[in-house]
Amino acid sequence: MMRKHSSHIEAGSSSCCSGTCYCSKKVKVTICVVIWTVIAVIVALILAVIIKAATLQELFERMELGARDDPVFMSATEQEILERSQRLVDAISYRTISFSGTNLSLEAMTDFGTFLERVFPNLHDSDFVTFTPINTYSRLYRIEGTEKTLNPYLLCAHMDVVPEGDFDLWTHDPFDAGIVTESDGQDYIFGRGAIDDKHAVLGIMEALEYKVVNKEQPKRTFYIGFGHDEEVSGYLGAAEISITLEKMLKDNGEELDFLLDEGMFVVADIIPGINVPLIYIGVAEKGWAVVDLDAEGDQVHSSTPPLESSIGILAHGVANMEDNKQPSMFGKGPEIDTLRYAAPHATFLLKMILGNLWLFSGLVSSALELSSQTDSIQRTTTAVTIFNAGVKENVVPSQAHAVVNHRIHPSDNLEDVLELDRENADRVKVTLRDSFPPSEVSSYSNDVIPFQIVVNSALEVFPDAKPVPGLMVANTDTFHYKNLTDKIYRFTPVYNLPEDIARFHGIDERISVDIYSKVVQFYYRLMVNADFDVKIAPTAQVEVKPEEVEEFLEILEESDYESPINNTDSNLLPLTKVMEESDENSANETDSHLMILQDIPEEPNENPSNETDSGLPPSQDILEEDFDAMPVNETYSDMLPLESAPKDLDLYDLTPEEETFSNRTID
Ligand SMILES: CCCCCCCCCCCCCCCC(=O)N[C@@H](Cc1ccccc1)C(=O)O
C-alpha cells in the first residue's frame, strides 16, 4: 500500500500535480509550491553566482606614487645589461654554501664580501653609505637620506646558498656555468644562488651603485641587510643584524617603516583558469617545526626477521602521516585573498567559483589539493626529509629514525600538529626538536603605502601581471626582524612557471638575463618609489631658522623635558635630533629649515591613527583636502608627529616665551 501511494505522488509531482492523482488538492498545491520554491531558489542562486562573477572588481587599487605612466629606470644598454649579468655570474662562482649551522663556507663568504666591495666601489666609498660588518660575515648598510622625517625601511637578502645536491643532474656546472643560451632562445645565468638569493644581493647593490654614481642620494634613509647563513635559519647573520639595527634605529631616533625580503615571486600558470601572471607578495610566512621520529624493535639475525621491525613501524608511521595530511585551513589565512585578488582575472567559469567562495570554498580547497604547490598555501605541510636505519644487510636494526619538517599554516598551531603526528605514528616516539610560530599577517590594504611601494615597483617592471597578497610557504630571515616592524613583505620579481619553482634548492637553478635586468630595475624603482611622501600644506607649517632652534633648545633645557632619544618606547623622531640634524644640514645648504607643525587639530581626527585603516589618501589628494582632517601622527607626512611627543614636552601648553618662539614665521 505504501509503495503504491508513494508511486502516485511521484507520478503526480513529475508533472507538478497535473493529471490523475490520488492526493488531495491541498497536498498537490503544497508539493507544487515546494517544487517551484526549490526551482526559484536554484535559479536565484545561479543568477546570484553569475551576477557576482560578472561584477567582480579588482581588489588592488593602485596608488600613484609619482611618475606612474612614465617611470624613470636605470639606463640599461645592452652592454650594461651584459656587465650586470656578468657580475651575477661572478657572484655565483663563490661557493658560499651553508651545509649546516656549524658548517658554513666562511672563507668563500669572506671572498664574496671582498668581491662586493671590488665590483661596487662607489657605494662602498660614498659619503651617504655606511657599511657595518655583522658577526664578521654578514653585512649591514645604512643609506642616509636627505630628509630626516621619513621613517627608514630595510631591504634584505642573503649571500649563502644551499649545496648543489646531485651534481650529475645539473645540465651546467652549478658554480661555473656563465651565461647559457637555452633551447627557448633565451640567455640564462645558471647556477646555485641565481634565484635564491644572489640575484637579490646583486640587484640591490647594482641599483644602489647606480644611484651613488649618478648622485641620486635618496630622500628617505634606508638599510640593507645581507645575512650569511639564511639557509640554516639565520641565527648568526640576520639575528645579529637585527640586534645591531635595532640599536642603530634607536640611536638615530628612527622606527623601521617596512621591510622587504626574498620570498614569493611573479608566478604564471599556477592556477588553471587564471591566465595572467601574478605578482605574489608574501604578506605572511608559515611557521616551522622539526620533529624527530624514533621507532624501536628487536635487533636480530635477518634470517629470522621479527613480525615488525623498527624500520617497518617507522615506515608505517611516516606513510600514515603522508596519507592523513594536516587539515586544510582554507579560508582562514591569506590564501583566500590570493584567490579573491586573482578572481577578476580568471575565466568566467572560475570567476563564478572564486567570486562565490561562500558557496564553493570546499570545491576550491579540493582543487588546491591537486597540486602540492597550491596545496601548500592552505595547510600545514609535512615533509619527511631524513630517514635512517640499519648498518648491515643481514642485521635487523633495533632503531629507526626519521625527521619530519612541518611548515605551519598561520591559522594552525603546533600542539594540534603534533597531536595529529602522534595519532598517525602511534607506535613511534614523536619528539619536537625545533620550532617557531607562523608570522603575523602584514597589512596589505590599498592605503598601506609600503605595500603600494612594493607592488608599484613590481608593476613597473611587470606591467601585465596582477598583484595578489599571499602566504610565503617557506621561510626567510624575516623571522629575526619581526620586532622591528609589522610591515614585512617577501618578494623578488623573478618570473616562475610551476616547473621553475622546483629549481629553488633543486637542479638547474637559473634566471634569464632579461628577468635579472628586471630584478635590478625593480630595486632601483623601489628606492625611488620609497621616497614618495605626503607633502605638508604650506599654511600648516612654520619655518624656523637654525639660530632659533638654539634658542628653543635652551628653553627646553631649562624645562624638565627628557630627550626621547633615550626613551625606548618613543616612536617619534626625537625633536632634538631633528633640530641638531637640521643644524648640520644648514651648513650644507640642504633642508636648512626645520618644519614645525603649527595648526594642530584641536581634537584628534576621527580617522584611526593606525595607518592600515586610516584610509589615508595619496599625497596629491591630501594637498587638496582640508588639512585639519589629517591624522596627526601620520608617518608619511613631513611633519613632526606631535601627537606622540612625550607628554613632558608641553607643546600644546606653551609658556609665553615659547609661544612667541613658536608663532614666529621666518622666511
Ligand atoms: C598559488 C601559488 C602557490 C605557489 C607556491 C610556490 C612555493 C614556492 C616555494 C619557494 C621557496 C623559496 C624559498 C626561499 C627561501 C629559503 O630557501 N628558505 C629556507 C631556509 C630557512 C629555513 C628556516 C628559516 C629561515 C630560512 C627554507 O624555507 O627552508
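Everything numeric in this text was worked out from a predicted model, so none of it was measured. Order of appearance sets the numbers: ligands from 1, and atoms from 1 within every ligand.
In terms of protein heavy-atom proximity, atom 5 (C) of ligand 1 is closest to Gln373 O, 3.8 Å. The single protein non-hydrogen atom nearest to atom 7 (C) of ligand 1 is Val473 CG2, 3.4 Å, given as residue, atom name and distance. Closest protein heavy atom to atom 14 (C) of ligand 1: Glu262 OE1, 3.6 Å. Of all protein heavy atoms, the one lying nearest to atom 8 (C) of ligand 1 is Ile501 CG2, 3.5 Å. Regarding atom 11 (C) of ligand 1, its nearest protein heavy-atom neighbour is Ala474 CB, 3.9 Å.
Contacts between Asp196 and ligand 1 below 4.0 angstrom, taking non-hydrogen atoms only, involve the side chain exclusively. Within the 4.0 Å heavy-atom criterion, both parts of Asn475, backbone and side chain, lie near ligand 1. Residue Phe265 touches ligand 1 through its side chain alone, judged by heavy-atom distances below 4.0 Å. Under 4.0 angstrom from ligand 1, the non-hydrogen atoms of Trp288 all belong to its side chain. With a heavy-atom cut-off of 4.0 Å, Glu230 touches ligand 1 through backbone and side chain alike.
At a cut-off of 3.5 Å, with distance as the only test, a side-chain donor of His409 or Glu335 sits close to an acceptor on the other residue. When only modelled atom types and interatomic distance are considered, Glu460 and Asn529 share a side-chain donor-acceptor pair under 3.5 Å. Counting only N and O atoms by type, the side chains of His401 and Asp294 include a donor and acceptor under 3.5 Å apart. Looking only at atom types and distance, the side chain of Thr382 has no donor-acceptor partner in the side chain of Gln326 under 3.5 Å away.
Across the listed options Met472, Arg407, Met264, His505, Met472 owns the non-hydrogen atom lying nearest to atom 13 (C) of ligand 1. Nearest to atom 12 (C) of ligand 1 by heavy atom, out of Tyr280, Phe504, Tyr235, Phe436, is Phe504.
No heavy atom of Phe479 sits closer than 4.0 Å to any atom of ligand 1. Distances from ligand 1 to the non-hydrogen atoms of Ser233 include at least one value under 4.0 Å. Under a 4.0 angstrom heavy-atom cut-off, Ile270 registers as being in contact with ligand 1.
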- Which is it for Phe436 and Lys482 under the side chain to side chain contact (heavy atoms under 4.5 Å, CB included) test, yes or no, and what are the steps along the way? CA-CA 12 Å; Phe436 56 79; Lys482 65 179 190 303; over 6 Å; no
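When each of Phe491, Phe265, Phe462, Tyr516 is tested with Phe522 by the rule ring pair (Phe, Tyr, Trp, His ring centres under 6.0 Å), just one qualifies, namely Phe491.
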Listing, residues 342-349 side-chain donor-acceptor contacts under 3.5 Å, not counting sequence neighbours, or none:
unit_1	atom_1	unit_2	atom_2	d
His345	NE2	Glu58	OE1	3.4
His345	NE2	Glu58	OE2	3.3
Thr347	OG1	Leu350	N	3.4

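Salt-bridge check for Arg87 with Glu209: failed, with every basic side-chain N at 4.0 Å or more from each acidic carboxylate O. Electrostatic pairing of Arg139 and Glu117 counts as a salt bridge here, judged by a charged N lying under 4.0 Å from a carboxylate O.
The aromatic rings of Tyr141 and Phe131 are tilted relative to each other, their planes meeting at an angle between 30° and 60°.
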